[in-house]
Amino acid sequence: MSEVRCRFAPAPSGSIHVGNARTALFSWLTARHHGGTFVLRVEDTDVSRVTEEAFRGTLESLRWLGLGWDEGPDVGGPHAPYRQSQRTAIYHEHAERLMAGGHAYRCYCTPEELEERRDQARARGEPPGYDGRCRRLSDAELAAFEREGRLWAVRFAMPERHYIVHDLVKGEVHFAAGALRDFVILRSDGSPVFLLAVAVDDMLMGITHVIRGEDLLASAPRNMAVIEALGGTLPQYAHLPLIVGSDRQPLSKRHGSTSVEAFREHGILPEALVNYLALLGWSYDDQTTFFSREELIERFDVSRVSSNPAAFDSDKLEWMNNHYVQGLDDEDLAARVVHFLAGAGLLVDPGLLRRAMPLVKERMKTLTQAVPLLRFLFTDDVEPDETAAAVIEKAGPGYLADAAEALDGVGTWDRASIQSALDALAGEAGLNRTKGWQPVRAAVTGSTVSPPLPESMELLGRDRTVARLRAAAAR
RNA sequence: GGUCCCAUCGUCUAGAGGCCUAGGACACCACCCUCUCAAGGUGGAGACACGGGUUCAAAUCCCGUUGGGACUACCA
């Protein structure tokens, strides 16, 4: 059996979206599962919409997800270049071949005329597609258009036959003869349209599996027709259902930040996002939820992808993220968290940060949540928030002064001794731990929510702890 | 309008005719654990869109209805 070659072909019109990220993942997994090649091809035929920044952002997002490619715009490969904007000569050559073979023709209709006829057809309740008139131009008409100096586009002559797409996800999808109209493959300014570029590139690059969004299902027969007209071999197609939001509408900006970059900045781990995305539309069995990258590669099968659209559930993503956070060792976690603390303007002591990791691991759904939890360690500006202030006030200055004295007198500054001291303090005041410790927590951390108190104080150190208690007592 | 896709708990899904009084996970509720918040443990509520067929037997096959969605460009 020949080698599997799978491609991901993003149009870099912005940062990469989770829907595209999932498409990339499934393509990558298919390539890796078969020990094949993963090709990255950038579809920037509409040059006006593509910025260099969007291009780089796309590559960066894929790298962050760990979806490395074997051939692509930066690494090259046997079918370079891998940016469609650099392949125009190739498309022209193939458009010529199609015209020479009678599979394509010059279309002299202007965009204005086309639009007008579309509107009319719609008004009459007829299908609005191109009527194919330039396909049957007489020599005289053709000459007349040329004399007028009219610009022409190249249109592909869609064969009048029934097409069947053998889709790996959808099964057999039929398109009746005549259902698809002739389409433009070269604009009147000579630039190629993606319907040509995709087919030509998939053919030339030897792509065996085309995995992409369901929105492109209707273009599959057109791709097939072009490849057949060119005498190429057809790839297998797999069209993935769309990802929708909680309102069942296709995911868009309205659903908040859905780009890979946004999740990264929100403190989602790439391994968690990959695992979550893998399960959005695909499953291995009725039990398994967590998959290592190797397990995913071993078990993934695109034909097991379900054909109904999946709703993106950020609660589940965050739950899964927490699972991966808990699985990280302290060193690794600290290295990932430091970016977010620094971003909040905190000056971080790496050793202290690493030692704090066990206290916050299971309290973080996202890495950003480490910031409020650990802020008290990396700044002495712990102005109590509203609820903390209320707790402090209720306890009264005497209680906090007592706390300061008790802790100052602790023999060895470790969590066991601190805990005994806190218990003794609460006991003398006739309070249980909950009531007795909260004022101390509020004074020391500035919040009523914190990592476990004795451990937190141990890390903070005796001096800073006592100073904060005295400051609170003096208010 | 036309073509195409889709339809199991709120969500992601298991289910490829009898194993289903429909399984798991997130979320939700209760309890346990507990210094706050989490995490963890135990338990609970919760679904085959509807209507016809086919069959001894249908969540599973067929048809229709309804409801979502995509496409219908000299965008990708």
Side-chain angles (χ1 to χ4, degrees), chain A residues 9-11 13 43-46 48-50 84 107 109-111 114-115 118 121-122 124-130 151-155 165 167 169-171 173-176 179-181 183-189 191-195 197-198 213-221 239 241-242 244 246 248-250 276 279-290 306-320 322-323 326 360-365 369 372-373 391 419 422-423 426 432-438 440-442 445 447-454:
Chain A
S13 50
E43 306 213 328
D44 52 357
T45 47
D46 186 10
S48 61
R49 297 209 318 209
V50 177
Q84 292 187 332
C107 174
C109 301
T110 65
L114 292 170
E115 192 176 342
R118 247 200 310 278
R122 229 187 282 270
R124 288 194 304 266
E126 289 167 15
Y130 184 66
L151 292 175
W152 44 270
V154 177
R155 215 174 260 278
V165 180
D167 194 276
V169 172
K170 303 286 183 185
V173 183
H174 296 252
F175 293 87
L180 281 341
R181 302 312 187 89
F183 52 93
V184 168
I185 55 178
L186 233 43
R187 300 186 184 94
S188 50
D189 66 357
S191 64
V193 173
F194 98 110
L195 282 166
V198 168
E214 188 181 340
D215 50 335
L216 295 169
L217 182 53
S219 76
H239 289 91
L242 267 29
V244 298
S246 48
R248 289 265 132 205
Q249 290 301 111
Y276 178 74
L279 255 19
L280 213 50
W282 174 82
S283 66
Y284 176 67
D285 57 18
D286 63 339
Q287 295 291 323
T288 321
T289 302
F290 296 107
S306 84
S307 51
N308 51 319
F312 194 88
D313 180 0
S314 41
D315 278 340
K316 188 162 182 176
L317 204 214
E318 293 194 352
W319 165 79
M320 187 165 269
N322 173 261
H323 170 89
Q326 291 197 51
V360 294
K361 249 180 203 180
E362 61 212 25
R363 283 166 239 268
M364 269 190 270
K365 283 193 194 303
Q369 291 174 354
L373 249 19
V391 170
Q419 180 160 321
L422 287 172
D423 280 341
N432 61 19
R433 274 186 179 173
T434 305
K435 295 275 186 194
W437 290 21
Q438 276 302 78
V440 179
R441 186 193 311 279
T445 69
S447 169
T448 50
V449 177
S450 83
L453 229 209

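Each chain gets a letter, A, B and so on, in the order its sequence line appears, and its residues count up from 1. These figures come from a predicted structure and were not determined experimentally. Just the heavy atoms: all of them, side chains too, but no hydrogens, waters or symmetry mates, feed the values below.
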> When rounded to the nearest 0.5 angstrom, what distance separates OG in A:Ser191 from CD1 in A:Ile185?
Replying inline: 12.0 Å

>> Taking the C1' atom in each of B:G17 and B:U54, what is the distance between them to the nearest angstrom?
In response: 11 Å

> Taking atom C1' in both B:A73 and B:C50, what distance in whole Å separates the two?
Replying inline: 38 Å

> Using purine N1 to pyrimidine N3 plus N6-O4 or O6-N4 for Watson-Crick, or N1-O2 and O6-N3 for G-U wobble, each under 3.5 Å, what pairs with B:G18?
Replying inline: B:C56

> Whom does B:C9 pair with, Watson-Crick or G-U wobble, provided both distances fall under 3.5 Å?
Replying inline: none

> If we take the P atom in both B:G64 and B:U42, what is their distance in whole Å?
Replying inline: 48 Å

> Relative to the ring of A:His323, is the ring of A:Phe290 parallel (under 30°), tilted (30 to 60°) or perpendicular (over 60°)?
Replying inline: parallel

>> Just to verify, what does A:Lys365 make a side-chain hydrogen bond (donor to acceptor under 3.5 Å, both in side chains) with, not counting sequence neighbours?
In response: none

> Do A:Phe312 and A:Tyr276 make the cut of ring centroids closer than 6.0 angstrom?
Replying inline: yes

>> Base of B:C6, side chain of A:Ser307 - is there a donor-acceptor contact under 3.5 Å?
In response: no

>> Would you measure the distance from the P atom in B:G41 across to the matching atom in B:A58 and give it in whole Å?
In response: 39 Å

> Any side-chain N or O of A:Arg181 under 4.0 Å from OP1/OP2 of B:C74?
Replying inline: no

